Every structure is written in structure tokens, then in C-alpha cells.
There are 2 protein chains.
Amino acid sequence: MLYANNTTYKRHHNAGSSDVPRKPSTSTKHQHTPMGGQDNDTARKGVGGLLHGAHGHYAGDDGRAARPKNGHHECDQCAVRQYALCSVFKSQEGFARFESLVRHKHLHAGQSVFEEGDPSEYVYNVSEGAIRLYKLLPDGRRQITGFLLPGAFLGLALRETYSYGAEAVTDSHLCQFRTSELKQLFLDFPELRQRLYEMANDELAAAQEQMLLLGRKTAKEKIASFLLQLADHALNQNRDPLPLAVPMTREDIADYLGLTVETVSRVFSRLRKSGVLTFSGPSLIVDADFDALEDLAEEG
Amino acid sequence: MLYANNTTYKRHHNAGSSDVPRKPSTSTKHQHTPMGGQDNDTARKGVGGLLHGAHGHYAGDDGRAARPKNGHHECDQCAVRQYALCSVFKSQEGFARFESLVRHKHLHAGQSVFEEGDPSEYVYNVSEGAIRLYKLLPDGRRQITGFLLPGAFLGLALRETYSYGAEAVTDSHLCQFRTSELKQLFLDFPELRQRLYEMANDELAAAQEQMLLLGRKTAKEKIASFLLQLADHALNQNRDPLPLAVPMTREDIADYLGLTVETVSRVFSRLRKSGVLTFSGPSLIVDADFDALEDLAEEG
DNA sequence: CGGGCACTTGAGGTGCGTCAAGGATTGTGG
DNA sequence: CCACAATCCTTGACGCACCTCAAGTGCCCG
């Protein structure tokens, strides 16, 4: 079940440009990934850094989500209510007003939430699953700018159109709001804006860190940093970083780190052969020498 | 005067790591750059994109700043008051309260505003000059994450320490506020937070664009995109994009685009030889084929 | 069991980094 | 006014990290 994702973004075929890197031709399909499976299901949330999600305060359960999987979503059963945007509404009536605006949306792995350039009519809160944000060049080259995890907010930019695309990496659940209605709420709930502001700041810091990675780190350092992000996110949720699940495909990782699939694969292999990582299948790392990874990542 | 900047960030020498790119050894010095000079002085503000500044509404003057250069700064003479943060204070007493908190700081080219890890006691508004934001790896590799221009806000991230360093590219003037005091103002002036939120969002969108550039564009595309950023910023200030000044050094450009000095220089040369650009000295472009640049940049 | 997809691995090419040298500009001090 | 030192920029030769192309393996699912 760790192969729980696939790619759906379309890459425009581009007849004959010259000195530009590979423009992949990619198939388009939707694939329903069965949820459930064994317990390392927890992995689905395991990302961190530019990979946004709720941090800390993962009260109670050890990371395994015992949520309604039947598509019947209610806010009072919501897994992320304690720390998502919703947590701003302390009072009963405040929350009621908030809840009245929400529309629940379920997405299958690979489905698009919105595309770059779409009018930004809605904003979302991720309550289950994982979303990837990406930007494309006209010839199809893709840069993934981040992964969103439960508790993360989607659509921050209060602009007329989305400046990036968003797709479900795995089956996901989103709470949808009209941008205009959310703005109304700002008037009565200044804490809401405060909360969004903090989130934007966190994203900004993460984005700067990612620029450093993209512009100045080697492939090995990028992979090491990425794995540490995954591990840190697990720690932030009070989960054990081992075994470490890598829910996204090699292609997603490559597009996130500014590499190619082959390079990602090769670096993983080299880390495995040098004893830093032990794999159990391509998307599950059962052992990792985090000290070695930190040296490799040149953190700081 | 277009060589109006230098580098001051320290690059740690790192005895013997192996497969890591060049770790430059850089001198440390402060250099006072005489302001004034001829009129293409306007160039000092010429940046855009991740290069933040005030956009639009550059009422009146054609870009040449007729500001008090005598260090005696008063808010009511401030060049950016109309569109900087200060503009949220409509009322006389509101602004008075705001002004009472400000402390004016003048920086010479190359001087540090703060370094990564410093406690974020202050935030700033840029009223004159240009600031570069950067992050360093332990071995000295640097990534410039953005340039700040008049009207831009510095220190957005309401975190305990700055997550990046900031240095003056040219002689600059900043308005300094205590973070704690600014937060107080939030209570009485919700528009202030709104404004900062919008700014953070703009930066975020720019950061994502820059990630696309860093992760997926070729050297030529990066340079072309960069020049278009410069030109767009000029346009946003109602200035003619030609002649186009490039106030930062090749090293700054390289560290901004994830390249080396030599590559930056070579690409400029190639663009010059192919007739896309015409230079008058290394930091002034007197003619540019913007259509060609847009093709090269793969904008989209 | 067969086709599709993700992943891996190898062989070879290249864009850009590295190393090195030289030119242009500016500021400094005699 | 002229060495000079210090930067910054440019250019060439070369090498390598990563990309490209291609073939093969394993897994999943129909």
C-alpha cells in the first residue's frame, strides 16, 4: 500500500526545443488506491519541512488515524480539528458559523484539486491524505513546491487565480470554503487572519530552505535533507521516525528536489549500499543512520 | 557607481569535504559606496519578482529619488510612505503612534542588517536602497533568496530567530521597529496584519516561482527570467525598462540563480554576442530584445 | 498470465562547475 | 599623476555530477 500514489499531471508535449532538459511524456490516469492495509499506514502522513502539515500536539493516538473512512465527514469527528484552521473558533457559535460554510470533498489519488491559473474561488483545509503543489513550464518540466498534509491549509494566496496546481498524492479529504466567505469571517474573527498569517510565514521559511536546497545542494545532500524532513515530520507528530515511509514516487521526489528519477534512484541505491539506509521495498526505509544523513545534508 | 555593492558575508573555510561544489574563500570588508553619481542611479531600485519592492503607483517622479540624502529622515518626507507598510495608517493619530515606534537606520553597502539565527527582535521597512536575503550552508555555499527594495518589509517571519541573513547591497535606509511593539499594534490596527499577510502571500508566490527556476530551468533560462524580473520591476514603477541596470554583482546573481559567477558571465556574453542584449559596462544593459528573452525564459 | 507502471541499473553525453589566467575599473598612497 | 592592490568581470581548457537514453526487473491488477 505504500505505492499509494501515482501521477496525473499532464505534461505538454513540445515539438522540438533544443537545449532544454528532458520533457517527459507521461500518461494520465486515475487510480483508486485502497486505503487501510497494515499499520504502517501512518506513513502516509510522514513528511515535513516544505512538506506542510500539523506539527506537534498530536494528542493521544500514536499516529494511526482511526477516522471515519466512510466518506461521511463531520467536523466534530475531524482528525485535525484540534490544530487545523478550525481550532481558531473557540466558541460554539463561532464554530457553527464556520462549519456552515464548509463543504467536504473527497479526492482519489492523482485527482486534481485545482490547476495553476484557475480562479481562486476556494480555499481548503487538508484533513486526510496528502496533496502536492506544483508548477509547470510550458514544455512540461515540473517543480513540486511542497506537499500538504493533514492540518495544512491550501490556497493561502489571496489572489485572483491560483499560482500553482494542486493534486492528491493519495486519497485525500479536504474541507472547502469559498474564498469570499472566508474573507467575511476575517472581520469577525481576527484570530483567523492571525492564524493564516502564521501559516504563511512558516511556509515562507520552508520555501527559503528549499531554495537553498535547490540552488546549492548536491543530489546526495538533497536526498539526505529530504529524508530528514520526512523523519522530522514524524517526530513532530510524536511518531517514531523508523520505519520511515516514503509515500511519494521517485518522480515526485525528483520533481521536488530538482533532479531526475534516475538520479534519485541511484542515490538511494548508493545510500543503501553504503549502509546508511536499509530498505524494505522502494517506499519503506526500515533503518537509517540519521547522524550520517545529517552529515550528508550539510544542515545549517 | 553601478558597482555599488560588495560582499561581506563570511564563508566558512571547510577543511576537506569531498564531493561538494566550490567553497569560495571570500574576503570580508566594508566599503562605503558613494551615493549620487549620474542619473542611472535609478537602477538601484531596479529589481522585481522575488526581488521585492513596492509595485505600481509610483506617482509622479520618473524613478529618480529626490529624497533627503542627508540622513535626516522623517516619515513625512519618506519616499515610500504612500505604499509601504505605513500606508495602512490613515488617521493622524494612528500614524503618530506608528511613527513614535520607528527608529531610522542607515546602512552602508555590504553592511549586515542581521544574520541567520539572530534573535528576531526587530522588523524593518526598507525606505531606500536594496537588501539581499540569503542563507548559507556550513561550508559557505550561499543562496540568495531575494532582494528587498524600497517599500518592502523585512522580518516578516514572526519567529524567535531570523531564518536568514540580510545585508545591504547598496547604501540603504531602514525603518526599524521592535517586533513586540509591532505586535501590539496588531490589536488596534487589524489592517496592519492584513497588509503583512498580503505581503507574505506575495513573497510566497514569488518563492514558488523561484523554486521552479532553481529546480528546473537551464542557466540561460535563469538569466533570461532574472532580466525579465528586473524589467518587470521597472515597469511596475512606471519606469522605462531600458536602459536596464543590473546593480548586483555577478556573484550575487549567481547565488540568486543557483549558478557560478563564470556561468553567469558566460551566459551574458552569449546573449550579447547573439544580439539579444547590448551592454554598456557590466551592469548596464542599454538594449534588450525582451521578446527573445521571454522565449528563452520559458515563462509559463 | 500479460500488460502497465514504478523502479533500478548501465553506458554514454553534456551543461555547468572548476581551475586558471588575464583584462578592466576603482580606490589608495606616494 | 602614476604605480598598486583589490575587486569584479571575462574567457579558455578541462572535468565531473548529473542528465539522457535504453534495457531490464519486479509488482500489481485485470
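Keep in mind the model is a prediction, meaning the values are calculated, not measured. Note that these values count all heavy atoms, side chains included, but never hydrogens, waters or copies made by symmetry. Letters A, B, ... are given to chains in the order of the sequence lines, protein chains preceding strands, and every chain is numbered from 1.
As judged by a 4.0 angstrom heavy-atom cut-off over every strand, B/Ser269 is placed among residues touching the sugar-phosphate backbone only. Here A/Arg272 lies in heavy-atom contact (under 4.0 Å) with sugar-phosphate atoms only.
When rounded to the nearest whole Å, the span between CG of B/Leu259 and P of D/dC9 equals 14 Å. The interatomic distance linking A/Lys217 (NZ) with C/dG17 (P) rounds to 18 Å, in whole Å. Summarising the geometry, the separation between CD1 on A/Ile223 and C1' on D/dA17 is reported as 14 Å, rounded to the nearest angstrom. In this entry the distance linking CZ of A/Phe268 with C1' of C/dT8 reads 13 Å, nearest Å. Straight-line distance from the CZ atom of B/Phe279 to the C1' atom of D/dT10: 12 Å, rounded to whole Å. Here D/dT11 presents its C1' atom at 13 Å from CZ of B/Arg250, a figure rounded to the nearest Å. If you take CG of B/Asp252 and C1' of D/dT7, they are 13 Å apart, rounded to a whole angstrom. Here the P atom of nucleotide C/dC7 and the CG atom of A/Asp255 are 12 Å apart, to the nearest Å.
The two residues A/Pro241 and A/Phe290 come nearest to each other via the heavy atoms CB-CZ, 4.0 Å. Counting all heavy atoms, side chain and backbone alike, B/Glu221 lies closest to B/Thr218 at OE1-N, 2.9 Å. Heavy-atom minimum distance, A/Leu228 versus A/Glu294: CD1-CG, 3.6 Å. Smallest separation of non-hydrogen atoms from A/Leu259 and A/Ala219: CD2-CB, 4.0 Å.
Here the side chain of A/Thr260 is nearest to one of C/dG17, D/dT20, C/dC16, namely D/dT20. Distance from the side chain of A/Thr263 is smallest to D/dC18 among D/dT10, D/dC18, C/dC7.
Using a 4.0 Å cut-off between charged nitrogen and carboxylate oxygen, A/Glu116 and A/Lys135 count as a salt-bridge pair.
At a cut-off of 3.5 angstrom, the base of C/dC19 holds at least one donor-acceptor pair with the side chain of B/Glu262. A/Arg266 contributes a side-chain N or O that forms a donor-acceptor pair with the base of D/dT20 under 3.5 Å.
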